[in-house]
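In what follows, chains are A, B, ... by sequence order, proteins preceding strands, each numbered from 1.
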Protein chains: 2
Amino acid sequence: MTEGVPQQEREAAVEPAAGGGRGRSSEATRAAILRAARVRFAADGYDRATIRAIAADARIDPSMVMRYYGSKEGLFAAAAEFDLRLPDLSDVPTDRLGEALVSYFFTRWEGDATLPALLRTASTNPSGAERVRAIFATQLGTAVARMIADPTEAPRRAGLVASQLLGVALTRYVLRLPPMVDISPAELIAWLSPTIQRYLRAPIPG
Amino acid sequence: MTEGVPQQEREAAVEPAAGGGRGRSSEATRAAILRAARVRFAADGYDRATIRAIAADARIDPSMVMRYYGSKEGLFAAAAEFDLRLPDLSDVPTDRLGEALVSYFFTRWEGDATLPALLRTASTNPSGAERVRAIFATQLGTAVARMIADPTEAPRRAGLVASQLLGVALTRYVLRLPPMVDISPAELIAWLSPTIQRYLRAPIPG
DNA sequence: ACCGTATGCCAACGAGTGTTGACTTGCCAG
DNA sequence: CTGGCAAGTCAACACTCGTTGGCATACGGT
């Protein structure tokens with residue numbers, strides 16, 4: 001009763017015959033494993049997501065996971081390849097950067113369970129936490145740096161932005177606090193935009 | 001190399017002889033177990049914190065944990081007994097409620113590792129998540145209800161407040177994003193107070 | 001002195017984990 | 001047709017986990 005994913009209906013549709021020339025379909029199984037791994041890691045986190053369960057979802061033997069990805073850590077590393085895909089916001093008026101960033105993050109997350117997976121894992125797994133640190137330092141940090149005048153303020157402002165956005169992801173997708181689940185994305189965007197806007201552009205308080 | 005707590009120096013000082021009348025010191029061991037459990041759960045989360053490790057920290061046999069707390073779930077339930085201890089803010093001017101709440105949460109968290117433990121656990125353990133939901137629905141929800149005019153808005157506003165405050169706890173104490181770790185509590189309070197103030201008191205946007 | 005009882009330890013069980021190696025199957029080149 | 005090779009299966013190993021029951025020990029009351 002602690003399962004995150006129903007046991008039935010695993011890997012419904014598979015590619016009939018992947019393109020390539022030689023070698024039957026090793027790339028297809030590789031992809032199937034990765035897909036199943038993403039779902040399981042997302043639902044259960046690193047520790048509770050077992051290789052056996054992932055293999056069962058992908059309808060292959062657990063040993064194939066080892067053959068293709070070396071170890072559970074290796075599989076997770078491949079599954080958690082994560083690109084925020086932050087768009088270019090250079091033509092957004094500076095007083096609407098907050099709204100643009102919040103709106104984008106929502107369109108990105110509502111259909112992709114990778115971020116909750118990352119949060120779930122990073123909470124208990126040191127290498128998962130390191131990965132989140134790297135993602136936000138490089139991707140969000142550099143994006144924020146382009147939005148502000150003094151680049152030395154970028155890390156601090158990016159940290160504040162992350163604290164609010166990850167807080168929403170945590171309460172809405174992971175903890176599932178009812179008020180945060182029930183609220184509509186539009187209303188949430190309206191509430192959050194001024195916050196992010198201030199973290200990005202307001203003068204440093206003191 | 002995945003250990004959260006160094007193996008040495010476990011349970012340094014123990015009460016020489018707890019007060020009571022009969023029965024040597026069962027209450028002392030009970031407390032020692034609970035203390036060690038809090039540390040381990042805080043550092044490692046529910047899954048990675050093993051009963052054997054907790055028992056070793058408390059310098060007793062794993063079976064004693066079962067005797068006193070029935071099961072690992074029971075131990076966690078006892079260890080995660082969590083009271084936000086929100087103070088009475090009824091005499092705070094309404095335009096400084098945000099600052100008061102943020103300041104309080106900081107004095108509460110900086111010396112107490114229970115909240116990170118709860119977050120770490122709730123991320124992967126369903127009953128842990130349920131506990132967080134209950135805590136914030138009852139404790140924070142009712143506190144917020146007393147701060148606003150229309151009580152029907154309380155859950156939504158409390159959810160928003162939780163998203164920011166838990167986001168800070170997550171990024172500062174669990175993920176340890178460098179910018180959020182390095183920033184001083186005073187500066188963090190200055191940044192966060194307007195956010196919380198708005199979530200508490202601003203008219204609903206639309 | 002004795003005994004009941006609470007306190008604690010020890011060894012073990014059963015289940016589940018990641019991981020490994022040897023075996024079987026089916027395809028394509030020669 | 002035949003040999004080689006990649007894809008996949010199977011059973012098992014070594015380990016750790018939560019949990020259990022039996023056994024030792026030392027206290028307090030009588």
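Residues B:L170 and A:L119 are in side-chain contact: their nearest non-hydrogen atoms beyond the backbone lie under 4.5 Å apart. Looking at A:F76 and A:R38, their side chains never come closer than 4.5 Å, going by heavy atoms from C-beta outward. The side-chain heavy atoms of A:L89 and A:L97, taken from C-beta on, include a pair separated by under 4.5 Å.
Put simply, A:S63 has no side-chain N or O that comes within less than 4.0 Å of OP1 or OP2 on D:dT9. Distances shown here put every side-chain N or O of A:S71 at or beyond 4.0 Å from the OP1 or OP2 atom of C:dG18.
Checking C:dT17, D:dG22, D:dT19 against every side-chain atom of B:R67, the shortest atom distance belongs to D:dG22. Comparing C:dT17, D:dT19, C:dG8 by their closest approach to the side chain of B:I51 singles out D:dT19. With distances taken from any side-chain atom of B:M66 to the nucleotides D:dG8, C:dT19, D:dT19, the minimum falls on D:dT19.
The residue B:Y68 sits close only to the backbone: its heavy atoms come under 4.0 Å of sugar-phosphate atoms, none of a base.
The distance from atom CD of A:E73 to atom C1' of C:dG18 is 12 Å, rounded to the nearest whole Å. One interatomic measurement links the two molecules: CD1 of B:I54 to C1' of D:dT16, which rounds to 15 Å at whole-angstrom precision. In this entry the distance linking CG of B:D61 with P of D:dC23 reads 16 Å, nearest Å. The nearest whole Å value for the distance from the CG atom in A:D47 to the P atom in D:dT16 is 15 Å. In this structure, the CG atom of A:D44 is 11 Å from the P atom of C:dT17, given to the nearest Å. When the P atom of D:dT9 is taken as reference, atom CD1 of A:I60 falls 7 Å away, rounded to whole Å. Note: CZ (A:R40) to C1' (C:dG18) measures 16 Å, nearest angstrom. Taking atom CE of B:M64 as the reference point, atom P of D:dG21 lies 16 Å away to the nearest angstrom.
Taking the ring axis of A:Y173 as reference, the NZ or CZ atom of A:R120 does not stay both within 45° of it and closer than 6.0 Å to the ring centre.
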Step by step, work out the salt bridge (charged side-chain N to carboxylate O under 4.0 Å, His left out) result for B:E99 and B:R96. CA-CA 5 Å; B:E99 182 189 340; B:R96 308 202 58 171; 2.7 Å; yes
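Side chain A:R52 to base C:dG16: no donor-acceptor pair is found below 3.5 Å.
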